[in-house]
Amino acid sequence: WKRVVARATLQSFDDDVRTSPAFAADALNLIAQLKGQGITPSELASVRAQDTRLGDIAELYRLLDADRVRLSLSDFRDLVKDALAALEQPESPAARWLRQRGGFAHILVDEFQDSDRLQLQLLEALAGDGRARANPTPEICFVGDFNQSIYRFRGATPENIAAARSAFACSELTLRTNRRSAQAVLDVANKTPRLDPQSLTQAEDP
């Protein structure tokens, strides 16, 4: 980050901002979220219009990604993005390996409410065209609760739960009994705005 920001041509950020740890944290967090939504540096640059600050972020994103490729570095979202790109190429080693082994029989996805759009796309690619059949292969078990999503600040998309219902042949098993919290705690927690009422639970021993 320090090497990239030092050589980047930025129009809207002063030198004191360039060296600010807070700016580094905010910019890197934003870029990570853009990756998780599948937005590339060129796509961000194409929508910046006359917004010079957005243009500067797009330039930083582009330079970081170029250095990442040059240095053979990857973060978690890069691994997901690169896996998805490989599976979308029928003759890539990853796609050939998956065909040769006959795909996966079962996939378990825990904490699905904290997944992002790119992770859902990867699951769709692994499931293939038969994901909406009554007995799909692979069988995918999603474990998630819209109301327990706590990572939206870093790009989680709890709406993936509803998206998976329509994209996959899901049979839904709803858990209503809460063995973690007393009812007095749930009474307060369940008043949080914008909760999904279908996911509210009751304590085992009120």
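If you read the sequence from its start, that first residue is 1, and numbering goes on from there.
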Mind listing the closest non-hydrogen atom pair of R194 and F146 along with its distance?
O-CE2, 3.8 Å

Return yes when atom CG of D16 has more than 12 non-hydrogen atoms of other residues, nucleotides or ligands closer than 6.0 Å, and no otherwise.
yes

Is it the case that more than 12 heavy atoms not belonging to L175 sit under 6.0 Å from its CG atom?
no

If every non-hydrogen atom of S149 is compared with every non-hydrogen atom of Q113, which pair is closest and at what distance?
OG-O, 3.3 Å

The reported gap from CD1 in I161 to SG in C170 (rounded to nearest 0.5 angstrom) is 10.5 Å

Does E59 reach the side chain of T9, with side-chain heavy atoms less than 4.5 Å apart?
no

Grab the two heavy atoms, one from A203 and one from Q183, that are nearest each other, plus how far apart they are.
N-OE1, 2.7 Å

Is a salt bridge present between D65 and R62, judged by a nitrogen-to-oxygen distance below 4.0 Å?
no

Distance, nearest 0.5 Å, that separates CG of L10 from CG of D56:
4.5 Å

For residues Y61 and E43, determine if any side-chain heavy atom of one lies less than 4.5 Å from a side-chain heavy atom of the other.
no

Apply the test side-chain contact (heavy atoms from CB on, under 4.5 Å) to residues F168 and L123: give CA-CA distance (whole Å), side-chain angles for both, the deciding distance (0.1 Å), then the verdict.
CA-CA 10 Å; F168 296 82; L123 290 167; 4.3 Å; yes

Between L64 and L118, is there shared hydrophobic-cluster membership here, with clusters defined by ILVMFWY side-chain heavy atoms closer than 4.5 Å?
no

Does the pair R18/D15 count as a salt bridge with the N-to-O cut at 4.0 Å?
yes

Heavy-atom distance under 4.5 Å between the side chains of T157 and Q37, does that happen here?
yes

Can any side-chain N or O of R131 pair as donor or acceptor with the backbone N or O of G128 at less than 3.5 Å?
yes

Give a yes or no on whether W97 and L126 share a hydrophobic cluster (residues Ile, Leu, Val, Met, Phe, Trp, Tyr; joining criterion: side-chain heavy atoms under 4.5 Å apart).
yes

Spacing of CD belonging to E124 relative to CG belonging to L87, to within rounding of 0.5 Å
12.5 Å

Working to the nearest 0.5 angstrom, can you tell me the gap between K81 NZ and L122 CG?
12.5 Å

At their closest point, which heavy atom of N160 faces which heavy atom of D116, and how far apart are they?
ND2-O, 2.9 Å

Consider only side-chain heavy atoms of I, L, V, M, F, W and Y, link residues closer than 4.5 Å, and tell whether L120 and I107 are in one cluster.
yes

Would you check if R180 and T201 make a side-chain contact, meaning some heavy-atom pair closer than 4.5 Å?
no

Can you name the closest pair of heavy atoms from P90 and A95 and give their distance?
O-CB, 3.5 Å

Is atom CZ of R7 surrounded by more than 12 heavy atoms (other residues, nucleotides or ligands) closer than 6.0 Å?
yes

Would you be so kind as to tabulate the donor-acceptor pairs closer than 3.5 Å made by side chains of residues 21-33, with sequence neighbours excluded?
residue: N29; atom: ND2; partner: F153; partner atom: O; Å: 3.4
residue: Q33; atom: NE2; partner: F153; partner atom: O; Å: 2.5

Does a side-chain N-to-carboxylate-O contact under 4.0 Å join R68 and D78?
yes

Just so I know, are the side chains of D75 and K35 near enough to count as touching, which here means a heavy-atom distance under 4.5 Å?
yes

Crowding at CG, L173 (>12 non-hydrogen neighbours, <6.0 Å)
no

Inter-residue atom distance S181.OG - D187.CG, 0.5 Å rounding:
11.0 Å

Atom NZ in K191, atom CG in L200: separation rounded to 0.5 Å?
12.5 Å

Give the table of side-chain donor-acceptor pairs shorter than 3.5 Å for residues 134-145, with sequence neighbours excluded, one pair per line with atom names and distance.
residue: E139; atom: OE1; partner: H106; partner atom: ND1; Å: 3.4
residue: D145; atom: OD1; partner: N147; partner atom: N; Å: 3.0
residue: D145; atom: OD1; partner: S199; partner atom: OG; Å: 3.4
residue: D145; atom: OD2; partner: Q148; partner atom: NE2; Å: 3.1

Closest non-hydrogen atoms of L84 and Q121, given as atom of the first, atom of the second and distance, are CD2-OE1, 3.4 Å

Indicate yes or no: at least one non-hydrogen side-chain atom of S74 is less than 4.5 angstrom from one of D82.
yes

If two hydrophobic side chains count as joined below 4.5 Å and joins carry through other members, does L63 share a cluster with V69?
no

